[in-house]
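None of the values given here were measured: they were computed from a predicted structure. Chain letters run A, B, ... following the sequence lines, proteins first and then strands; every chain starts at 1.
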Amino acid sequence: MRRDPNLRVEAFPLSTVQRWLQAVVVHPGEILEALASSEAEREVPSSDLAALVKPSRSLTPEERVDIYHGMYLLRMEEALASDYPATKHFLGAQAFGELVRDYVRRYPSRSYTLNRLGDHLPQFFLDEPGRRHAPFLHDLASAELAVSQAFDAEESPKLTAESLQAIPPQAWDSATLQPTAAFRLLRSRYAVLPHLESEKRGLPSPAPVRKASFLVVYRRDFSVYQMGLTRGEFALLDDLAGGVPLGQAVARAAARLKKAEGEKKVFAWFRTWVAEGMFASVACGPSRSKGSTSA
Amino acid sequence: MTRNLWHFKDLGTGVGLRAPHFGHILGEKPEVGFFEILTENYLDTGGRPLYILDQVAERYPIVMHGVSMSVGSTDPLDFAYLAKVKALAKRTKAQWVSDHVCWTGVVGRNTHDLLPLPYTEEALRHTADRVRIIQDVLERPVALENPSTYLEFVPSSMTEWEFIARLASEADCGLLFDVNNVYVSAFNHGFDPKTYIDAIPGERVCHYHLAGHTHKGTHILDTHSDYVVDPVWELYGYTLRRIGSRATLLEWDADIPPFDVVHAEALKAQVWRDKEVRRAA
């Protein structure tokens, strides 16, 4: 028997219905736990479910709500797996699913796009230092976040060897380089490159190794690349990306190396980075302030 | 048989622009009436997807289909999002912009699901008000898609087809009519899909969607993961007779096969369109 429509509308205003359904859908437990959760009960008591949701010929109201509830975490997991494939590869499907459940509870999507859902995953591992492998997972997630940021970054012009050669000799020392928008430089406590590569090749993930590691993430021809760096390469790239003038940065890098081969090596690195398209432009003028990213 | 109020072109048959097909589309330049993009995939990126889209938009008509307009939500409208949608529509010279009759989140969250509305007078007024504002901001009509739904609310005071017809009229908006969604919801809720189709104001329909689904026995999920089933093709034919020919899109978004498979499925729609044109003549 149908109740009076006005009474129903008053009992279940649109805003209440929406807060209730969302509370149930995003709850990480089973459907009956979700319906009985304090967030859901505050809006619609579980005892009133039959007054709000109709059964179908084959499903109860609980089962019908569970269709939406069941799809929520699957959708979040699919989105995060797309941005964090090496993290999933390392953890395995079950542990990754549990991670997603905990993560989206703390950092639910507040954006119109799922592309930014995973932006807080490195921070999540800092929030939970007691989580198994948390320090390593923080470093791995930082590298994967850099990859997804590089993928979506605005396209930048690429500095060419020709434009570098056009710099007057007297301006060389004070010239500064501007990295492309996709450029990301990371320093981590754990080696993460082997994990990124093992996931790409479908090989088993190695055990985490605590070893100071340096990585640059960049984009060329709309494809994203990662390159492992030595400590010396990292220091120079960090200087250059931070706006240290070329002359000063190169001198500092050469001083860190053996005198005989220092400058030669530094210029070889520099040529590689320019050829890989890591820099957008060169400016002859006052230097910018220095800053780098640490995983 | 009617024309749509805005005289949007009948672009023939189209497919969704999806990453696994980028290389094929740019390399082979297949004969496709139009491509539909998932709006949100192109809003905050300066990377490869946007670079590809710019090239595709130079050669083919583009239509935009969003999932985050959240027209029925009781949260405030996201004007920053709408500004980006408007800019993308301008960039791609989109023929039209569409989204869904649904809500996706409240209290600042987005579930990224197309959640169902209770079909009440309150929800109708609220949603119509928002759609009018959205159209004012975008400075173009919006086409709203009938959703696949898996539950019905007891407090609903009208059917889904009554709600959608009244919403389109009161908001003065267009409709994107998804034939598979009618089939899915008709199975899930036990109504006659032809009753639904008969109630749709044809002059507001700008575009049709077709897709495959997943039958779970007790209910059907709108998964866009398979071929269109025969009963949906039959309903498409019925819709063509009832409403008339419109641009028709084949959606395939999960377990995506090679482009030729998706395109061949889309071209079946052209066979149905031709058949109905002959029948009408």
Is it the side chain or the backbone of A/Ile67 that comes within 4.5 Å of chain B heavy atoms, both, or neither?
side chain
Does any backbone or side-chain atom of B/Thr149 lie under 4.5 Å from a heavy atom of chain A? Answer side chain, backbone, both or neither.
both
Would you check if A/Glu63 and B/Tyr150 make a side-chain contact, meaning some heavy-atom pair closer than 4.5 Å?
no
Could you tell me which portion of A/Tyr72 (side chain, backbone, both or neither) has an atom closer than 4.5 angstrom to a non-hydrogen atom of chain B?
side chain
At a heavy-atom separation under 4.5 Å, does B/Lys84 approach chain A through its side chain, its backbone, both, or neither?
side chain
Give the intermediate values and the outcome of side-chain contact (heavy atoms from CB on, under 4.5 Å) for residues B/Trp103 and A/Leu21.
CA-CA 11 Å; B/Trp103 60 283; A/Leu21 185 55; 3.9 Å; yes
Assess, by modelled atom type and distance only, whether the side chains of A/Arg64 and B/His189 contain a donor and an acceptor separated by less than 3.5 Å.
yes
Look up atom OH in B/Tyr81 and atom OH in A/Tyr112, then write down how far apart they are to the nearest 0.5 Å.
9.0 Å
Please tell me whether A/Gln18 and B/Thr74 have a donor and an acceptor in their side chains that are separated by less than 3.5 angstrom.
yes
So which atom in A/Tyr68 and which in B/Ser148 form the shortest heavy-atom distance, rounded to 0.1 Å?
OH-O, 4.4 Å
Any non-hydrogen side-chain atom of B/Thr111 less than 4.5 Å from a side-chain atom of A/Val26?
yes
If I measure from the heavy atoms of chain B, does A/Arg19 come under 4.5 Å with its side chain, its backbone, both, or neither?
both
Is it the case that more than 12 heavy atoms not belonging to A/Asp221 sit under 6.0 Å from its CG atom?
no
Taking every heavy atom of B/His112 against every heavy atom of A/Ser109, the minimum-distance pair comes out as NE2-OG, 2.6 Å
Of all the heavy-atom pairs spanning A/Ala51 and B/Pro155, show the shortest one and how long it is.
O-CD, 4.1 Å
Can you check whether anything in residues 275-282 of chain A gets within less than 4.5 Å of chain B, heavy-atom wise, and list it by number?
none
Please determine if A/Arg75 and B/Asp113 form a salt bridge, counting it only when a charged side-chain N lies under 4.0 Å from a carboxylate O.
yes
Applying a strict 4.5 Å limit to non-hydrogen atoms, the region of A/Ala182 in contact with chain B is neither
Do you know which two heavy atoms are closest between A/Thr113 and B/Asp44, and how far apart they sit?
CG2-OD2, 4.1 Å
Between B/Val107, B/Asn110, B/Leu43, B/Thr104, the one whose heavy-atom pairs under 4.5 Å with chain A are most numerous
B/Asn110
Counting heavy-atom pairs under 4.5 Å to chain B, which of A/Ser56, A/Pro61, A/Ala153 comes out on top?
A/Ala153
Checking side-chain contact (heavy atoms from CB on, under 4.5 Å) between A/Leu14 and each of B/Leu117, B/Leu124, B/Thr120, B/Val106, which is the one that passes?
B/Leu117
Quick check on A/Leu59 against chain B: is it the side chain, the backbone, both or neither that has a heavy atom closer than 4.5 Å?
side chain
Choice from B/His219, B/Glu40, B/Arg109 maximising heavy atom contacts with chain A below 4.5 Å
B/Arg109
Could you check which of B/Pro49, B/Gly72, B/Pro116, B/Ala80 has the highest count of heavy-atom pairs closer than 4.5 Å to chain A?
B/Pro116
More than 12 non-hydrogen atoms from neighbouring residues, nucleotides or ligands closer than 6.0 Å to CD on A/Glu78, yes or no?
no
Heavy-atom cut-off 4.5 Å, strictly under: side chain, backbone, both or neither for A/Val104 against chain B?
backbone
In terms of heavy-atom contacts, does CZ of B/Arg48 have more than 12 from other residues, nucleotides or ligands at under 6.0 Å?
no
Cut-off 4.5 Å, heavy atoms of chain A, and the answer for B/Leu221 is side chain
Heavy-atom contact with chain A under 4.5 Å, split by part of B/Phe187:
both
What part of A/Ser111 gets within 4.5 angstrom of chain B, counting heavy atoms only: side chain, backbone, both, or neither?
backbone
If I measure from the heavy atoms of chain B, does A/Arg110 come under 4.5 Å with its side chain, its backbone, both, or neither?
both
Taking side chain as everything from C-beta outward and backbone as N, CA, C, O, which of these in B/Leu114 sits under 4.5 Å from a heavy atom of chain A? Side chain, backbone, both or neither.
backbone
Does CD belonging to A/Glu30 count more than 12 external heavy atoms closer than 6.0 Å?
no
Could you look at A/Arg219 and say if it's the side chain, the backbone, both or neither that has a heavy atom under 4.5 Å from chain B?
side chain
Would you say B/Leu151 and A/Val53 make side-chain contact, with heavy atoms under 4.5 Å?
yes
